[in-house]
Amino acid sequence: MKEVILRKAAVLDMDSIMKLQISIFEGEQKIPAEIILIAEEMHPQWWCALLQETVVGAVAAWEEKGTIHWGRFVMDPDYRGLHIGTRLAKFSLDDLFSQGIEEIHLEAREATVKIICSMGGKIMGQTTNFYEGTVTPLVLYKQDYAS
């Protein structure tokens with residue numbers, strides 16, 4: 001496999017990221033497309049994984065009511081199981097914590113729960129149904145983060 005590039009997403013990456021997001025969230029998980037977008041007033045930051053010129057994964061962070069959230073984590077189904085997602089998660093979390101952020105909140109699907117818990121994340125509540133699947137609330141504190 002060619003080398004995967006992890007980077008902060010550029011404006012030119014956003015069309016590809018949105019197509020991948022809609023494909024996974026609306027297509028696989030039946031989440032309505034209109035709730036996938038992150039409003040600009042939430043100051044979203046995006047990261048992506050590229051294989052050659054193709055976006056194969058993406059994740060975002062945003063601020064909501066003074067709390068930093070992390071999510072919209074997607075991987076192209078053709079590249080799942082290759083640990084690209086884990087590398088992208090670490091890359092984005094390293095960047096967030098380097099910005100002085102002390103804690104990150106998320107509600108995640110089972111695969112993401114495993115990744116975040118392996119990095120020091122803590123489950124903060126009950127798993128609940130969410131469209132085609134479930135989500136679990138988590139928090140990851142900088143002091144507990146094992147990169």
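Along the sequence shown, residues carry numbers from 1.
Using a 4.5 Å heavy-atom cutoff, the side chains of L138 and M124 are not in contact. Contact of the I24 side chain with the P77 side chain is registered, since non-hydrogen atoms from C-beta on lie closer than 4.5 Å. Taking the side chain as every heavy atom from C-beta outward, W46 and I38 approach each other to under 4.5 Å. Considering only heavy atoms from C-beta on, W70 stays 4.5 Å or farther from L140 through its side chain.
A salt bridge between K30 and E26 is absent, with no side-chain N of the basic residue lying under 4.0 Å from a carboxylate O of the acidic one. Ionic pairing of K65 and E41 is not present here: no N-O contact between side-chain nitrogen and carboxylate oxygen is shorter than 4.0 angstrom. Between D15 and K19 there is no salt bridge, since no side-chain N of the basic residue sits under 4.0 Å from a carboxylate O of the acidic one.
Formation of a donor-acceptor pair under 3.5 Å by the Q21 side chain with backbone atoms of R72 is found in this model. Side chain of R109 to main chain of T134: a donor-acceptor pair is present (N/O by atom type, distance under 3.5 Å, no hydrogens or angles). Between the T112 side chain and the A108 main chain, no donor and acceptor come within less than 3.5 Å of each other.
Across I84, L20, T86, a single residue satisfies side chain to side chain contact (heavy atoms under 4.5 Å, CB included) together with M75, and that is I84.
No side-chain donor from either of Q143 and E102 sits under 3.5 Å from a side-chain acceptor of the other.
The structure places CD of E103 at 5.0 Å from OH of Y141, a figure rounded to the nearest 0.5 Å.
Between H105 and H69, the two ring planes are tilted [angle within 30° to 60°].
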